Amino acid sequence: MTDSSAYTLSNLVEELRWRGMIHDMTPGTEEQLAKEKTLGYIGFDPTARSLHIGNLATVMLLVHLQRHGHQPIALVGGATGMIGDPSGKSAERNLLDVETLRENQEGVRQQLEKFLDFKASDNPAIMVNNYDWFGQIGFLEFLRDAGKHLTINYMIAKDSVKKRLETGLSFTEFSYQLLQGYDFYHLYQHQGVKLQMGGSDQWGNITTGTEFIRRKASGGRHSGEAYALTAPLITKSDGSKFGKSESGNVWLDAEMTSPYKFYQFWLNVADEDLSRLLRVFSLKTQEEIEALEQLPNPNEAKRALAEELTTRIHSAEDFENARDASTILFGNAALERIQRIDEKTLLEVFEGLPQETISRSEYESAGNVVDLLSETTHQLVFKSKGEARRMIQQGGVSINKEKITSTNAEATFPLLQDKYLLVQRGKKNHYLVRVVD
RNA sequence: GGGGAGAUACCGAAGCGGUCAAACGGGGCAGACUGUAAAUCUGUUGGCUCAGCCUUCGUAGGUUCGAAUCCUGCUCUCCCCA
């Protein structure tokens, strides 16, 4: 990949390798991808109404596939989502109800559309839902048609199953790999899909598919050749799980994780993880990424990564607001700078902050800062007065960028725009209090 | 079914009649140092009208001037034997 314009069928694997996105491939995968335009798919089960950045890594596999001229298919698991994948799960899962699943499918579908080009002339991305074929199949039909081709012995040997044999695994979850295998077969038969990709935890399920195809389809008009490629799970240098912030999963849905938080997540990535994340998530060229990696101050590279992803997943405007909010909240920008911002911008910029609205009389009746930051603002900042007191004594609280020095300070602070208070707890936690008449 | 051990704050774990709002470790939070990083150091980690008071040690009672600590019932967990 020395020439950034050289996206060819054949160097896809080369690029993925450089990006550290290949964990495992079945033999012949690289040759297949070099030989011809190949249809490849990844399945996403609609377990939530949004994807999170943990899913993003595999989405990127599809993106690269398409950029190199192959044809990506995103499969939404309307059917498999009803079953529950035992891979990587230590206990039986609760089933989602049909209504929730339907909503989730729609959300996931919309998000995938942001990454893939469904209008490309040569290799438009395709979206399929496995409920479309599973919904029609009867149980007996499925047992005769699919179940006959794999042995229990084979299925039990899978890691995801073996690990659960001790603690228990329902027949439903046990069947999951057969469904996923059948998906692959179905796409192979009907659309000529030859490749399935996914995270490394999916290896077992994916190879059930290649095996299934080999046994069922070979000898006919198809060769029975199908391939698997998995990407390593993203790990963090400190051992904690990637994709979680202190407040939980980082979602792609702006309602669930604000663009501001999303932007902040990437800025706060550990130095040691930065290079790997750039390679997996950035669509910049190898030269550009290597240049970023060389920078003496890793923050610049983090900012570039944060900008690229916030823009792609949300919008240029969301990115600008997140960036502006960050400069104001973390920079040395003095009080006058914030006071000068007009109300509309202020609200836009601080949209992602936790907020609470109180009435002017409530504000005026607060005895001191401690009351204001706990009771009066309905536990937005502190859940008890003791906590507020402690934090102030430790010098961790600022209002409108000014440090609070005494717990007895009167609660009379100049409101921004005659309405807002910007409260800071520690270095990274900001809150917006709105006072209304 | 028989025998034994245990249930302590976010987690692990001390305490075994007053000096216990409860050692210690982890985690969390904050401060210093920095780069909104890591490492390190420091403080903090039930509530309040905060140098004082109130409510906490599985649960319900009891003994005692006084109980996390002793007694009884109940619930749950673990181990050993059948």
Side-chain angles (χ1 to χ4, degrees), chain A residues 166-167 234-248 250 257-278 281 292-310 319-334 337-338 349-350 352-354 365-399 401-411 422-432:
Chain A
E166 291 278 315
T167 52
I234 297 183
T235 53
K236 291 211 307 187
S237 51
D238 64 3
S240 61
K241 199 177 170 207
F242 171 77
K244 300 250 184 190
S245 71
E246 53 293 350
S247 46
V250 177
T257 299
S258 70
Y260 167 75
K261 275 198 143 173
F262 184 85
Y263 178 77
Q264 283 287 324
F265 173 83
W266 296 103
L267 281 194
N268 285 310
V269 142
D271 288 5
E272 298 73 53
D273 297 330
L274 178 61
S275 167
R276 287 208 320 281
L277 296 177
L278 271 170
F281 292 110
L292 287 173
E293 289 170 353
Q294 300 308 315
L295 292 174
N297 184 347
N299 279 359
E300 269 181 68
K302 288 182 197 175
R303 271 194 288 272
L305 181 63
E307 171 176 352
E308 182 182 345
L309 293 172
T310 309
F319 153 67
E320 280 162 25
N321 285 336
R323 183 200 52 199
D324 291 349
S326 301
T327 5
I328 293 169
L329 297 177
F330 290 98
N332 300 322
R337 165 111 189 258
I338 313 173
V349 167
F350 295 145
L353 300 185
S365 61
N368 55 35
V369 229
V370 172
D371 289 343
L372 177 70
L373 295 181
S374 53
E375 249 170 35
T376 312
T377 47
H378 317 299
Q379 280 77 43
L380 171 72
V381 187
F382 296 109
K383 52 183 191 303
S384 77
K385 293 184 186 178
E387 195 183 349
R389 207 171 280 124
R390 208 182 301 128
M391 219 56 98
I392 289 169
Q393 278 159 2
Q394 292 184 123
V397 180
S398 297
I399 290 182
K401 304 289 283 183
E402 309 237 328
K403 187 157 281 190
I404 305 300
T405 48
S406 157
T407 52
N408 300 319
E410 281 182 50
L422 187 61
V423 184
Q424 183 171 357
R425 198 200 84 217
K427 206 172 291 184
K428 294 185 181 178
N429 308 291
H430 303 268
Y431 306 86
L432 190 65

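Since the structure is predicted, the reported quantities are computational estimates derived from the model, not experimental observations. Chain naming here is simple, since letters A, B, ... match the order of the sequence lines and numbering starts at 1 in each.
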Is the closest side-chain donor-acceptor distance between Gln264(A) and Ser326(A) under 3.5 Å?
yes
List in chain and number order the residues that pass salt bridge (charged side-chain N to carboxylate O under 4.0 Å, His left out) with [X], two or more places apart in sequence or in another chain; answer none if no residue qualifies.
X         : value
Asp324(A) : none
Glu293(A) : Arg279(A)
Glu387(A) : Lys383(A)
Glu300(A) : none

### Query
With respect to the phosphate group of G46(B), does any side-chain polar atom (N or O) of Ser384(A) fall under 4.0 Å of OP1 or OP2?
no
Think Asn429(A) has a side-chain N or O under 4.0 angstrom from the OP1 or OP2 of C29(B)? no
Heavy-atom contacts, protein to nucleotides 35-45 of chain B, under 4.0 Å, summarised as B (base), S (sugar-phosphate only) or - (none) per nt, yield BBB-----BSS
field: Sequence neighbours excluded - side-chain hydrogen bond (donor to acceptor under 3.5 Å, both in side chains) pairs with any residue from residues 372-381 of chain A
entry: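 Output for this query lists Glu375(A)-Lys385(A).
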Contacts under 3.5 Å, N or O only, protein and nucleotides 51-56 of chain B:
none

Whole-angstrom distance between [N] and [M], as gauged at atom [atom1]:
N      : M      : atom1 : result
A21(B) : A14(B) : C1'   : 15 Å
C10(B) : G17(B) : P     : 26 Å
A38(B) : C53(B) : P     : 42 Å
A13(B) : A7(B)  : C1'   : 13 Å
A39(B) : C20(B) : C1'   : 36 Å
U34(B) : C41(B) : C1'   : 13 Å
U42(B) : C33(B) : C1'   : 11 Å
C71(B) : G3(B)  : C1'   : 22 Å

Practice task
Quick one: list whatever passes side chain to side chain contact (heavy atoms under 4.5 Å, CB included) with Glu410(A), sequence neighbours left out.
Solution key: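 Partners of Glu410(A) by the side chain to side chain contact (heavy atoms under 4.5 Å, CB included) criterion, ordered by chain and then number, come out as Thr412(A).
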How is Gly426(A) classified with respect to the nucleic acid when contacts are heavy atoms under 4.0 Å: base, sugar-phosphate, or nothing? sugar-phosphate
To the nearest 0.5 Å, atom CH2 of Trp266(A) lies from atom CG of Leu274(A) at 10.5 Å
Sorted by chain and residue number, the side chain to side chain donor-acceptor pair (under 3.5 Å) partners of Asp271(A) (sequence neighbours excluded) come out as Lys302(A)
Taken in chain and number order and not counting sequence neighbours, the residues that satisfy side chain to side chain donor-acceptor pair (under 3.5 Å) with Arg303(A) are none
message: Tell me whether the rings of Phe330(A) and His430(A) are parallel (<30°), tilted (30 to 60°) or perpendicular (>60°).
response: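 Perpendicular: the ring planes of Phe330(A) and His430(A) meet at over 60°.
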With a 3.5 Å limit on both atom pairs, tell me what A5(B) is paired to, counting Watson-Crick and G-U wobble, or say none.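 Pairing partner: U77(B).
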So, with a heavy-atom separation below 4.0 Å from RNA chain B, the residues of residues 367-382 of chain A are none
Separation of G31(B) atom C1' from Ile404(A) atom CD1, nearest Å, is 16 Å
The criterion is ring-ring contact (aromatic ring centres under 6.0 Å, His included); which residues satisfy it with Phe319(A), sequence neighbours excluded?
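Only Tyr263(A) meet the ring-ring contact (aromatic ring centres under 6.0 Å, His included) criterion with Phe319(A).
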